[in-house]
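Read through the structure below, which is laid out as structure tokens, and then see the notes.
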Amino acid sequence: MECIEVEGGASLRGTVQLSGSKNASLPMLCAALLAQGDHVFRSVPRLRDIASTLKLLRHLGCRSEVVQSTQSDVINLSVGDVLGAEAPYELVCEMRASVLVLGPLLARLGRAKVSLPGGCAIGTRPIDQHLKGLEALGARVQLHHGYVDCEAPGGRLRGGDVCFDMVTVTGTENLLAAATLAEGRTRLLNAAREPEVVALATMLKAMGARISGEGTSEIVIEGVEALQAASYEVPPDRIEAGTYMVAAALTGGDLTLEDAPLAQLEALTSALRKAGAAVEALGPSRCRVTRSGPLRPVSLTTAPYPEFATDMQAQWMVLMTQARGESTISERIFENRFMHVPELGRLGAQLSVDGDTATVTGPTPLEGAVVTATDLRASACLVLAGLVAHGVTRIRRVYHLDRGYDDLVGKLNGVGARLRRVRE
Ligand code: EPZ
């Protein structure tokens with residue numbers, strides 16, 4: 001099994017080129033199923049989750065070609081007129097986001113059979129809202145033998161109102177995609193406002209979809225008969241950007257980030273400035289993060305966009321272990337997203353958890369140790385902790401990291417960190 005060893009003590013200095021967004025790429029690739037033809041995706045990040053998605057799309061009858069360029073990949077995806085309608089368990093359980101083929105397949109073929117994704121480390125993560133939404137568009141949904149079996153009577157969904165009980169990002173994305181080919185008007189109410197939803201809507205409009213309101217909590221879609229393949233640009237990854245911003249503040253460094261979507265990071269930027277870091281905008285997608293003085297404790301609560309992102313919670317916790325005083329971090333999106341707490345405790349962090357709130361007492365000197373990654377963002381937080389721990393930190397199960405960070409080791413070593421991959 002592969003591990004990453006981090007030698008602590010470096011302060012990061014230099015420039016990091018960020019990659020395309022994982023959480024925008026995945027729904028965009030799946031939405032290509034809506035239209036026969038040759039789709040082109042630019043600025044696609046080099047991630048395990050992208051490879052898993054392409055494997056599933058090929059299983060469904062698509063052909064994919066990855067053209068590697070210096071910083072990112074171009075993916076040519078050919079979607080045929082004959083599509084399989086079943087996403088099997090062995091592919092879906094590799095990656096929960098595979099559920100994002102459900103809406104496009106059902107809209108395109110009038111039927112879809114997708115394995116239930118199953119839970120994951122951070123929570124049960126049901127898809128009841130996805131299914132409730134598809135039923136509101138006329139789908140007949142059956143659950144049996146671990147699969148969701150959907151059918152659109154007469155082969156076509158019909159427009160309607162979908163009101164989500166809670167904000168769900170992939171739920172909004174599945175319904176947004178499905179509604180583009182439904183007959184009539186669909187309104188998505190209490191829709192997710194995340195930039196990744198906007199990126200998907202931008203792609204769908206390039207394919208000929210009629211969408212308004214994306215980025216707000218009410219999205220309106222006028223269904224059309226058919227969509228056409230086109231070319232798309234994957235936007236930068238705001239969570240990758242946020243992770244490096246925290247790394248600069250944590251190590252007292254000086255990082256310039258290229259392609260950082262600063263306008264999407266206002267909650268993080270505000271918290272970093274309160275904590276004593278300087279975040280300087282050098283343009284709409286370029287920023288510089290430095291920290292010279294002591295870190296101050298800043299308490300926060302995760303919430304749907306544009307509030308503080310749950311995907312940045314673990315990284316923020318590491319930063320707060322070095323702040324002078326006590327802070328609290330409340331995780332209100334997922335019910336079990338504190339698995340990194342005991343691992344940080346092994347490094348010497350002073351943390352306690354009471355329900356959905358973790359209390360951090362700092363500053364505490366961290367000591368290198370062997371730790372185990374449990375999920376994608378927890379593994380990123382352990383790498384960050386290793387950067388400021390005394391000695392060497394060995395992080396196990398780093399396949400989690402490779403799912404969502406494009407060349408994290410290379411990018412960090414490029415600005416002065418000392419990381420290496422080793423086999424256990
Ligand atoms: C997306 O997951 C992201 N993944 C997650 O990023 C991110 O943490 C999450 O949104 C929240 O921002 C992708 O976009 C591929 P949700 P998603 O549906 O869509 C509950 C990462 O690290 N819920 O917005 O699965 C759910 O259990 C990953 O990059 C239901 O109860 O999250 C959760 O508590 C991790 N029923 C809350 O809603 C449903 O039908 C928000 O989940 C759907 C969701």
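Whatever order the structure lists them in is the order used to number ligands and atoms, beginning at 1. Owing to the predicted nature of the structure, the values given are computational and were not obtained by experimental measurement.
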Is [Y] paired with [X] through a side-chain N to carboxylate O contact shorter than 4.0 Å?
X      : Y      : value
Arg403 : Asp49  : yes
Glu258 : Arg286 : yes
Glu94  : Arg48  : no
Arg332 : Asp356 : yes
Glu7   : Arg418 : yes
Arg111 : Glu151 : no
Glu233 : Arg42  : no

May I ask you to check whether over 12 heavy atoms, not counting those of Arg185, lie within 6.0 Å of atom CZ?
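Counting other residues, nucleotides and ligands, CZ of Arg185 stays at 12 neighbours or fewer.
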
Is the number of heavy atoms from other residues, nucleotides or ligands under 6.0 Å of Tyr147 OH greater than 12?
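Correct, the count exceeds 12.
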
Please work out whether any backbone atom (N, CA, C, O) or any side-chain heavy atom from C-beta onward of [X] is under 4.0 Å from ligand 1, and answer side chain, backbone, both or neither.
X      : value
Gln129 : both
Lys22  : side chain
His400 : neither

Identify, by atom number and element, the atoms of ligand 1 in contact range of [X], meaning under 4.0 Å from any of its heavy atoms.
X      : value
His130 : 40 (O)
Leu376 : 22 (O), 29 (O)
Ile127 : 39 (C), 40 (O)
Arg377 : 21 (C), 22 (O), 29 (O)
Arg337 : 8 (O), 22 (O), 35 (C)
Val167 : 24 (O), 41 (C)

Looking only at protein heavy atoms, which one is nearest to [atom], and what is the separation?
atom                    : value
atom 11 (C) of ligand 1 : Thr310 CG2, 3.8 Å
atom 26 (C) of ligand 1 : Phe334 CE2, 4.2 Å
atom 37 (C) of ligand 1 : Ile333 O, 3.8 Å
atom 18 (O) of ligand 1 : Thr168 OG1, 2.7 Å
atom 5 (C) of ligand 1  : Asp311 OD2, 3.8 Å
atom 20 (C) of ligand 1 : Met166 SD, 4.2 Å
atom 19 (O) of ligand 1 : Thr170 OG1, 2.6 Å
atom 1 (C) of ligand 1  : Val169 CB, 3.9 Å

Heavy atoms only: which of Ala309, Gly133, Gly171, Pro126 lies closest to atom 43 (C) of ligand 1?
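Considering heavy atoms of Ala309, Gly133, Gly171, Pro126, the nearest to atom 43 (C) of ligand 1 sits in Pro126.
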
Any side-chain heavy-atom pair from Ile329 and Trp316 closer than 4.5 angstrom?
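Answer yes - side chains close enough.
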
I'd like to check Met207 versus His39 (side-chain heavy atoms, cut-off strictly below 4.5 Å). Are they in contact?
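They are in contact (side-chain heavy atoms under 4.5 Å apart), so the answer is yes.
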
Give a yes or no on whether the backbone of Leu419 and the side-chain of Asn413 come within a donor-acceptor separation of less than 3.5 Å.
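Indeed, once roles are kept as given, a pair shorter than 3.5 Å links the two residues.
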
Within the structure, does Asn23 bring an N/O atom to less than 3.5 angstrom of an N/O atom in ligand 1?
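Right, the criterion is met.
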
Geometric N/O contact Glu173 with ligand 1, under 3.5 angstrom
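No; the residue has no nitrogen or oxygen that sits under 3.5 Å from a nitrogen or oxygen of the ligand.
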
Would you say Arg403 touches ligand 1, if touching means a heavy atom closer than 4.0 Å?
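It does not; every heavy atom stays at 4.0 Å or beyond.
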
Interatomic spacing from CE in Met320 to CD in Gln315 - rounded to 0.5 Å
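Spacing of CE (Met320) from CD (Gln315) equals 12.5 Å.
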
